[in-house]
Amino acid sequence: MENPIDFLLLQPIYLSVLSFFLNLVLLLILLGSWLCKKRVACEAIMNEEFKHMSLSFNKLVLVCCVSLSVFYSVLSLLSCVHWHTNGWAFLDLLLAALTWGTISIYLCGQYTTSREQKLLFLLRLWWVFYFVVSCYRLVVDFVLYMKQEMVSVHIVISDLVGVCAGLFLCCSCLWKKGEGERINPLKEPLLTRAESSENEEATAPFSKAGILSLMSFSWMSPLITLGNEKIIDSKDVPQVDRSDRAESLFWIFRSKLQWDDGERRITTFKLIKALFLSVWRDFVLSALFAFVYTLSCYVAPYLMDNFVQYLNGNRQYKNQGYVLVTTFLVAKLVECQTRRQWFFWGAKAGLGMRSVLVSMIYEKGLTLPCHSKQGHTSGEIINLMAVDADRIGAFSWFMHDPWILVLQVSLALWILYKSLGLGSIAAFPATILVMLANYPFAKLEEKFQSSLMKSKDNRMKKTSEVLLNMKILKLQGWEMKFLSKILELRHIEAGWLKKFVYNSSAISSVLWTAPSFISATAFGACLLLKIPLESGKILAALATFRILQGPIYKLPETISMIVQTKVSLYRIASFLCLDDLQQDVVDRLPSGSSEVAVEISNGTFSWDDSSPIPTLRDMNFKVSQGMNVAICGTVGSGKSSLLSSILGEVPKISGNLKVCGRKAYIAQSPWIQSGKVEENILFGKPMEREWYERVLEACSLNKDLEILPFHDQTVIGERGINLSGGQKQRIQIARALYQNADIYLFDDPFSAVDAHTGSHLFKEVLLGLLKHKTVIYVTHQVEFLPEADFILVMKDGKITQAGKYNEILDSGTDFMELVGAHTEALATIDSYDTGYASEKSTTNKENEVLHHKEKQENASDNKPSGQLVQEEEREKGKVGFTVYKKYMALAYGGAVIPLILVVQILFQLLSIGSNYWMTWVTPVSKDVEPPVSGFTLILVYVVLAIASSFCILIRALLVAMTGFKIATELFTQMHLRIFRASMSFFDATPMGRILNRASTDQSVADLRLPGQFAYVAIAAINILGIMGVMVQVAWQVLIIFIPVVAACAWYRKYYISAARELARLAGISRSPMVHHFSETLSGITTIRSFDQEPRFRGDIMRLSDCYSRLRFHSTGAMEWLCFRLELLSTFAFACSLVILVSVPEGVINPSFAGLAITYALSLNTLQSTLIWTLCDLENKMISVERMLQYINIPSEPPLVIESTRPEKSWPSRGEITICNLQVRYGPHLPMVLHGLTCTFPGGLKTGIVGRTGCGKSTLIQTLFRIVEPAAGEIRIDGVNILTIGLHDLRSRLSIIPQDPTMFEGTVRSNLDPLEEYTDDQIWEALDNCQLGDEVRKKELKLDSPVRENGQNWSVGQRQLVCLGRVLLKKSKLLVLDEATASIDTATDNLIQETLRHHFADCTVITIAHRISSVIDSDMVLLLDQGLIKEHDSPARLLEDRSSLFSKLVAEYTTSSESKSRRS
């Protein structure tokens, strides 16, 4: 009977292997701790502990460690030069020297600086462990000596030194521990408790985790447990570590980014370098783990031949089988740990890079001048943040693959050489050949990817513009035309996408056939060189090829990601190279340092440097502190550009510009942020209640806030959608007032408000709160000019007149024209005010009664039920099977899916068959005769390999075809439903949510999901194949596999609840980032004028951190699961090996057993990867789920209803009858119009007037069915508009909207988007709307470019373009909604004349704040708080001095005349 102790003894070579791996683990931990530089609250305790330790004892411990390092260094050198020991012994000694050297350096630093307590505990544990191992090695030496086996003297000496040193270090551990225990209680009571608790609260669980928790990802357990108890919300997810937050990383990145001398030029290489230096610790750690993982993978193939020979009976020593099993197990455990850590730290680095790039792109967006941004539209810039930055972050999964592949190929060739001798040399050129075969495909992939991203940019640019202006598209009935434009752009993008995915399929096919091709080449070379093929060697080669399969199969995706990342880096680098806003345009002086507030001398400014005529020229004026300066002039004269130049927005060509003090700016087109009214007014400043109330009073906002459902806590929709134009303007004025700045710049602030409100604002704001401030205001209202201390009259970019009102009145014609037009308008009003007999005004009492009734009915329902903008919708629970079903059915009804599965199963069978064939026909040893000839062996193997390659090609093409079809269908259906959605959807949905789905989610559907689905099928079929092979060899493994599979399924179920919600929350957290970015770009001038860039930068970093923490914990959860699954699979594998080595000799065919082990080696990786891919697939399917949400949004009523289509001549008279019309903007919002009943006679001109927010614009939106009535009806020429199609209605009506809109393109495409008119007709319309001469000046005439949102045209010119559209359309019914608000009175008079001439027999409905625009109407409708107060002819209403209209006119004329007299 064998000595039982023999079982416990290892051969010296295995002790060297074990020692090598243990040293390696400690070395990695020490290096990791140095890289992480972690700090914990107990640092102070450890500092004190070391202070109390004996200095001499510290030195002894350090000397001991240094001595051991030197001793092992000498031994390793002697081992290499003289003793020629085996490789493992040499490596063991070398690594031991390195480890002890590292410990010495670590301790040296430990005595001067503090380190983490848990790492010190680990070091103590290591010293104890080292002593135990040294004792064990000495026992082995003694036993071998007793058996009269030769033991090298230097090994015995090494083990003796190890025992002595280990004993000393263990004593030091125990002494130190006792010393610490004596000291700690004395200093525990007061340890800056408040500070410590605050840090604790701010510290993430990951930051506090110990080494074991980090290794096992146990720091994620509380969150995953919580996910099983409840549905996780954003607030449940801890924050990331401070060092990983956007702000910290951003400043590191900025400091590392190198700009070329004098110019802000950045290359792709410099961008990569700065990114690497920002996250280098995570990068290096992941690289270390990847390196160790790669080494550990090849331990099993290296020992495979030994294992087969053992099973065949060739045993070198007792218990060799169990030693081999232990070695396999240790290698797999190291592989499991390092693989998970590699992926985790890589993902962490990726999140850091993404966070840095988002911050950097945003920062660049904040510094871009308007003319530079015109080269990159908002949609393109958002794409850089939403897609490119994300892609670079995702590249962290692939960043080590290129060098790992080189390392793996090198190791594989070494093992092949050991197994096959010179025959393996043929594998090297075969590998090179495979790589070269991919080169042309890789070049094509780069080209396709670059073109794909450009076409995606173009589509996103157009999508962003269309969504921004959806209201005007619906009013004009153009939405389907613009949808077709987006679908055309998508068609171009889809062309490149198709080329890209099919090219990727070709790469995939080449690389998937690579292992079979290389192995066939190597085996063929062995036969030619007469090298005998034995099953053990064949299996070692096959095991190597199977390990090599992973990185080679992943190579197509890696190449694709490298190409995509390269393109994204280039795009971001190009964007960062754009010129910043000129910093030397304005000389900024601190407040109170000068008597002069603004001074321009010889100033020449131009938006376009290349233009021969500057925008502003010969600018010379000086504004003293406290002055009130007015700027006036005709449309396009350069008034707004002058204000922009004072802000520093217009590039300076020459001259000097000085500004003294802080500025506040009110833009012509109001820029309102999504958020509460209060937040918009405070704009980052703390609340000062008294000043806040004064500002509200001055801006007449108190009444408006009373109407709003939540007062000043009401959430404003995107672009202030739930506010009237006047309310937006007044909130904007309140925002500027609240800042209490030194200089106020108003760009035509009174155009969007009625005469009464305008007078109030002028009196309370400009002459009240700002009485002692410097105010420069642009205005078209001549009545406000007399109060100015100084007036600048502009024409064609020059100041033609300057001085006080009376001084310049007679000094030139330009100012006289403006004043004359205003006087003429007042005279028109006066003519209506006299000459009529006195009659009672006809007021609409019926409406008041209805309103009174409704008030009584709604008295109990006064409480607001919800905000307009709700939280983004989020599905809860698991992604339903319906989502998968709908997704798959989008491609040919799902018919291709079974075919893909059949092809993959066939490939798996052929692959296993080829390996079975090689194992069966090759002998176990040289003594056995092979059953077939070498030629037959290779021929059958090659035929099977070719057949499997053909299957791969078919599968790759089918997957590409199916994925492309599904992505195209998803895009088309989602966009169709978005464009058919009602305006209420766009009012309540921030644009960022829609853009997020159109960019990020669509990218997932285009490029990621098809591969994910394919890999799930591949991995699942592969695992079934492996289990089939193992069960065929030894059915007993089922006993192990069944519980392991059950445990894996339980773990997945336990994990998925938390992971799914984390992925959903991460998806939702993208939208606020995109929305915030989009909003910032549209209001960049306002943000810069208030010097609010730091606050907005902080906001994007906070939003970025929110996304990062959700993604970080999602990744942590994934690794938590995979680590446990791989651990289970590893132990299942070890148990299977134990079964194989325990079975009596001869029961199992050694070759087939070896084949089973060869397959089982990849089982743990495959199983964890399958579960990981399944979970990731579910997370990615959330993108589909989000897109399907929008495919299911309710549509507007049909565009065309065939049964009720009106005649082509409708409307012929244009008579509008309104009966009991009640309107609200949403079911949870209050009523806006309260039962209106009236008639607009056909062919007459009706003016609608009323205070701001009374419901004028709402009535017009209801007429166009932008808002559907809650009750009542509207008839046009007897046809109920609710019964006909929307396109039939909107295409027969014309409107000039309140917000003038122009689209990117040309002048022609803006006037005639549907391409229905000739150039002559377009020129005629331009001449009639006073723009003909302006367009003729331009070089390209009708093809002159219009930039995004018409940025290169003034607001007044944009309004004239809108007028040109209706002149072309010539409808019978025309609506003017503040059509001339942004133009001067003289131009307004000309336009009114044009309208009277061209629309003489049409029904014209005019909403205007200028009384002169409605005074010549045939009828006037006066609204107040959603009620018709008066409806009659202007003359009759003016006769009744008590009528509201009469009072409104009196206010307008009195204020104008009094100001004129005062002048």
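Nothing here was measured: the structure is a model prediction, and the numbers come from that model.
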J.: Between OG of Ser1344 and NZ of Lys1341, what distance do you get to the nearest 0.5 Å?
T.: 7.5 Å
J.: With a 3.5 Å cut-off and no angle check, do the side chains of Thr565 and Arg391 form a donor-acceptor pair?
T.: no
J.: Would you find more than 12 non-hydrogen atoms of other residues, nucleotides or ligands less than 6.0 Å from Lys447 atom NZ?
T.: no
J.: Ignoring hydrogens and geometry beyond distance, is a side-chain donor-acceptor pair present between His975 and Tyr1190 at under 3.5 Å?
T.: no
J.: Without hydrogens or angle criteria, can the side chains of Glu969 and Thr972 be said to hold a donor-acceptor pair below 3.5 Å?
T.: no
J.: Under the rule for salt bridge (Lys or Arg N to Asp or Glu O under 4.0 Å), what residues qualify as partners of Glu1196, not counting sequence neighbours?
T.: Lys474, Arg980, Arg1290
J.: Given Met453 and Tyr570, is the side-chain contact (heavy atoms from CB on, under 4.5 Å) satisfied, shown in steps?
T.: CA-CA 11 Å; Met453 289 309 297; Tyr570 174 75; over 6 Å; no
J.: Determine, for Trp1353 and Lys1338, whether the Lys NZ or Arg CZ falls below 6.0 Å from the six-membered ring centre while staying within 45 degrees of the axis.
T.: yes
J.: Say you draw a straight line from CZ of Arg997 to CG of Leu995; how long is it, rounded to the nearest 0.5 Å?
T.: 11.0 Å
J.: What I want to check is whether the side chains of Ser982 and Glu1268 have a donor and an acceptor closer together than 3.5 Å.
T.: no
J.: With sequence neighbours left out, what residues match Lys1370 under salt bridge (Lys or Arg N to Asp or Glu O under 4.0 Å)?
T.: none
J.: Does NZ or CZ of Lys965 come closer than 6.0 Å to the centre of the six-membered ring of Tyr892, within 45° of the ring's axis?
T.: yes
J.: So, Lys462 side chain and Ile486 main chain: donor-acceptor pair closer than 3.5 Å or not?
T.: no
J.: Would Gln1321 and Thr1318 satisfy side chain to side chain donor-acceptor pair (under 3.5 Å), going step by step from the backbone distance to the final call?
T.: CA-CA 5 Å; Gln1321 289 173 307; Thr1318 64; 3.3 Å; yes
J.: Just jot down the side chain to side chain contact (heavy atoms under 4.5 Å, CB included) partners of Lys1369, sequence neighbours excluded, or say none.
T.: Gln476, Ser1294, Tyr1317, Ser1371
J.: Show the nearest heavy-atom pair for residues Ser999 and Lys456, with the distance to one decimal.
T.: O-NZ, 3.5 Å
J.: Between Phe482 and Phe1303, is the ring centre distance below 6.0 Å?
T.: yes
J.: Under 6.0 Å between the ring centres of Tyr887 and Phe1013?
T.: yes
J.: Do Gln1002 and Asp1006 have side-chain N/O donor and acceptor atoms under 3.5 Å apart?
T.: yes
J.: Kindly confirm or rule out a cation-pi arrangement of Lys499 over Trp496, judged by NZ or CZ under 6.0 Å from the six-membered ring centre and within 45° of its axis?
T.: yes
J.: If you look at every heavy atom in Ile1084 and Gly365, which pair is closest and at what distance?
T.: CD1-O, 3.8 Å
J.: Do the non-hydrogen side-chain atoms of Asp1001 and Ile1182 ever get within less than 4.5 Å of each other?
T.: no
J.: Got a donor-acceptor contact below 3.5 angstrom from the Arg1008 side chain to the Ser1003 backbone?
T.: no
